[in-house]
Amino acid sequence: MAALSTDPPILYSKAEFIETDTGNKVSRRATIAGPQNIILGGKTIISSGAIIRGDLRRTGPGHAVVISLGRYCLVGEGCIMSDVTDERPPYKTYRGNFNYYPMKIGDHVHIGANTVVEAATIGNHVEIGKNCIIGKFTIIKDCAKIADNTVIPPNTVIPALALFSGSPGQFVEDLPESTQDNIEAYTKSYYARFQPS
């Protein structure tokens, strides 16, 4: 997991990515719907083919934050962050009214390629593998890890320092206390190695 300083750079075409003042690198081949409702914390990479939907109609004036990502997040190729079945963010009905719950993702979160995230909350220092499905209202606590090809059912709470795997996702083992440092080192190294060719 931890990348070494000897790892080769990850090269990308400068023309394909937009770099913001805060160091976010967003692929021009990603779909960012409703960007005024999406906050990127800085030094976050949004890969080619990723879809982030923050374009739902809100009642009332002004913008609402629908999706926020912290710093040093990596969103893999082909990821979808939204409710893809009916293209709404997670919601619950309360007294007959639709209530939308914003998706909040912490710092140092790596989401693997082709993963679908409908989660309500993802903590800091979380690694989600490739080809996963994270169901509605899922809460993933700090320093958790979701293995590749895992399906997390809606309303699941993933405890801190836990590894989940399978379909449906099940607890596999506790992760070491060093998980936070390892994931932080990995995301910072990945960002540093992600360079224009």
Let me check something: any side-chain donor-acceptor pairs from residues 18-29 under 3.5 Å, sequence neighbours excluded? List them with distances.
{"unit_1": "Thr20", "atom_1": "OG1", "unit_2": "Thr22", "atom_2": "N", "d": "3.4"}
{"unit_1": "Thr20", "atom_1": "OG1", "unit_2": "Thr22", "atom_2": "OG1", "d": "3.2"}
{"unit_1": "Thr20", "atom_1": "OG1", "unit_2": "Asn24", "atom_2": "N", "d": "3.1"}
{"unit_1": "Thr20", "atom_1": "OG1", "unit_2": "Asn24", "atom_2": "ND2", "d": "3.2"}
{"unit_1": "Thr22", "atom_1": "OG1", "unit_2": "Asn24", "atom_2": "ND2", "d": "3.0"}
{"unit_1": "Asn24", "atom_1": "OD1", "unit_2": "Gly42", "atom_2": "N", "d": "3.2"}
{"unit_1": "Asn24", "atom_1": "OD1", "unit_2": "Lys43", "atom_2": "N", "d": "3.3"}
{"unit_1": "Asn24", "atom_1": "OD1", "unit_2": "Thr44", "atom_2": "N", "d": "3.1"}
{"unit_1": "Lys25", "atom_1": "NZ", "unit_2": "Tyr12", "atom_2": "OH", "d": "3.4"}
{"unit_1": "Lys25", "atom_1": "NZ", "unit_2": "Phe194", "atom_2": "O", "d": "2.9"}
{"unit_1": "Ser27", "atom_1": "OG", "unit_2": "Glu16", "atom_2": "OE2", "d": "2.6"}
{"unit_1": "Ser27", "atom_1": "OG", "unit_2": "Arg29", "atom_2": "N", "d": "2.9"}
{"unit_1": "Arg28", "atom_1": "NE", "unit_2": "Ala15", "atom_2": "O", "d": "2.8"}
{"unit_1": "Arg29", "atom_1": "NH1", "unit_2": "Glu16", "atom_2": "OE1", "d": "3.2"}

For residues 65-75, dump all side-chain donor-acceptor pairs below 3.5 Å to protein atoms at least two apart in sequence or in another chain.
none

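Shown here for Ile158 and Ala144, the closest heavy-atom pair between the two residues is CG2-CB, 3.8 Å. Taking both residues in full, the closest heavy atoms of Asp142 and Asn124 are given as OD1-N, 2.8 Å, listed atom of the first, atom of the second, then distance. Between Arg193 and Pro8, the shortest heavy-atom distance links the atoms NE-O, 2.9 Å.
Members clustered with Val172: Leu161, Leu163, Leu175, by chain and number, using a 4.5 Å side-chain heavy-atom cutoff among hydrophobic residues.
For Asp174, there are no salt bridge (Lys or Arg N to Asp or Glu O under 4.0 Å) partners at least two apart in sequence or on another chain. Residues satisfying the salt bridge (Lys or Arg N to Asp or Glu O under 4.0 Å) criterion with Lys14, sequence neighbours excluded, are absent altogether.
Pairs passing the ring pair (Phe, Tyr, Trp, His ring centres under 6.0 Å) check and including a residue from residues 151-180, sequence neighbours excluded, do not occur.
Leu40 CG to Ile105 CD1: the interatomic distance, rounded to the nearest 0.5 Å, is 10.0 Å. Residue Lys104 holds its NZ atom at 9.0 Å from CD1 of Ile39, rounded to the nearest 0.5 Å. A distance of 4.5 Å separates CD1 in Ile80 from CD1 in Ile51, rounded to the nearest 0.5 Å.
At a threshold of 4.5 Å between non-hydrogen side-chain atoms, the residues Lys130 and Asp148 count as touching.
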